[in-house]
2 protein chains.
Amino acid sequence: MSDLLARLRGRGWRVTSQRRVVAEVLDGDHVHLTADEVHARAAQLLPEISRATVYNTLAELASLGEVLEVSTDGRAKRYDPNAHRPHQHLVCSNCGTIRDVHPTGDPLADLPAEERFGFTVSEAQITYRGLCPSCNG
Amino acid sequence: MSDLLARLRGRGWRVTSQRRVVAEVLDGDHVHLTADEVHARAAQLLPEISRATVYNTLAELASLGEVLEVSTDGRAKRYDPNAHRPHQHLVCSNCGTIRDVHPTGDPLADLPAEERFGFTVSEAQITYRGLCPSCNG
DNA sequence: TTCTTGACTTGAACTCTGTCTATCGTAGGA
DNA sequence: TCCTACGATAGACAGAGTTCAAGTCAAGAA
Ligand SMILES: [Mn+2]
Ligand SMILES: [Mn+2]
Ligand SMILES: [Zn+2]
Ligand SMILES: [Zn+2]
């Protein structure tokens, strides 16, 4: 995420303190925070940052392909900085923990032409569910 | 869906006019309505039906396994009467149309043990995305 | 360095989706 | 036909996200 700010500057973005702290909060592996979680952590670094700015920045980063929007349950969307290596998600049905996983093979290959209804299919999103070690008695 | 009411009666449910119209609205193939869409259609058959009753009934049907809750986007959950044959979903990225699809093979087989992080994995939900014939110029 | 300006940020009101609760109504058994 | 526990209702409430008018400031120009 460190050169993210450089890439954004290259695209003509103003680099503001708000955007810097959002980028900082989104650093790491297996990070899948909700917008309000991002806001809470950003506010520890920059107390006056507003909710609207966090929502705006996350939506912009997502539309540039710099972060992924992940909705595993019907609740709040989660924001994923691991946008440059394709992956899927494994979610604990009990506690909600999310891990990045890398299945073998091409998921699109399993959808035969007669099951495509004339669609141009470009992507397959897989959510694996189960119990994590802590929740699995 | 016609014998649904019989199954519910067998489980000790009271068969009310509200539950009848919800069951009627949920009949058909490739049906994936939101709760408020179900409410709107039910209200054409039974104008005084309330939003709360539709939400309650759908949640109960889902917990009995009679309908599926599907969340393909971060928006409203959709309710799927096709609960007795396992399937996945194909969604148009442009207009949101949803089709039931049946991929070949077992999706769980593609997740190797070293990518399971000690989880007991029981289910894989796949959302295929692309453009439907109408949206694909 | 200072000036200028349009992009960015803010906070509050607003929308959408879903839940809860107190009260009223009725399906179905006695 | 009567009883009553289960179900329905309206409206308040909550969580997630969006919108907007007004104020602020990053960064290029001079
Ligand atoms: Mn991820
Ligand atoms: Mn379906
Ligand atoms: Zn768990
Ligand atoms: Zn379409």
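Chain letters run A, B, ... following the sequence lines, proteins first and then strands; every chain starts at 1.
Within residues 37-62 of chain B, the residues that place at least one heavy atom under 4.0 Å from DNA chain C are, in residue-number order, Arg51(B), Ala52(B), Tyr55(B). Of the residues in residues 88-99 of chain B, not one comes within less than 4.0 Å of DNA chain D through any heavy atom.
A donor-acceptor distance shorter than 3.5 angstrom exists from the side chain of Arg116(B) to the backbone of Leu111(B), with no hydrogens or angles considered. Between the side chain of Thr127(A) and the main chain of His89(A), no donor-acceptor pair closer than 3.5 Å is present.
Taking only side-chain atoms of Gln18(A), from C-beta outward, the nucleotide of dT9(C), dA8(D), dG17(D) with the closest atom is dT9(C). Taking every side-chain heavy atom of Val15(A) into account, dA27(D) is the closest of dC8(C), dA27(D), dA8(D).
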Donor-acceptor list for residues 33-41 of chain A side chains, cut-off 3.5 Å, not counting sequence neighbours:
{"unit_1": "Thr34(A)", "atom_1": "OG1", "unit_2": "Glu37(A)", "atom_2": "N", "d": "3.1"}
{"unit_1": "Asp36(A)", "atom_1": "OD1", "unit_2": "Arg51(A)", "atom_2": "NE", "d": "3.2"}
{"unit_1": "Glu37(A)", "atom_1": "OE1", "unit_2": "Thr34(A)", "atom_2": "N", "d": "2.9"}
{"unit_1": "Glu37(A)", "atom_1": "OE1", "unit_2": "Arg78(A)", "atom_2": "NH1", "d": "3.4"}
{"unit_1": "His39(A)", "atom_1": "NE2", "unit_2": "Ile49(A)", "atom_2": "O", "d": "3.0"}

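A donor-acceptor contact closer than 3.5 angstrom is absent between the side chains of His30(A) and Asn82(A).
Counting non-hydrogen atoms of neighbouring residues, nucleotides and ligands closer than 6.0 angstrom, the CG atom of Asp106(B) exceeds 12 such neighbours.
Each of Thr34(A) and Thr16(A) was assigned the nucleotide of DNA chain D with the nearest heavy atom; the assignment lying further toward the 5' end belongs to Thr34(A).
The nearest whole Å value for the distance from the CG atom in Asp73(B) to the P atom in dA16(D) is 16 Å.
The CG atom of Asp80(A) sits 9.0 Å away from the CG atom of Leu26(A) when rounded to the nearest 0.5 Å. Cys92(B) contributes atom SG, which lies 14.0 Å from atom CZ of Phe117(A) (distance to the nearest 0.5 angstrom).
Using a 4.0 Å cut-off between charged side-chain N and carboxylate O, Arg99(A) and Glu115(B) make no salt bridge.
Taking side-chain N and O atoms only, Arg75(B) has no distance below 4.0 Å to OP1 or OP2 of dC16(C).
The base of dC6(D) sits within donor-acceptor range of the side chain of Arg14(B), with an N or O pair under 3.5 Å.
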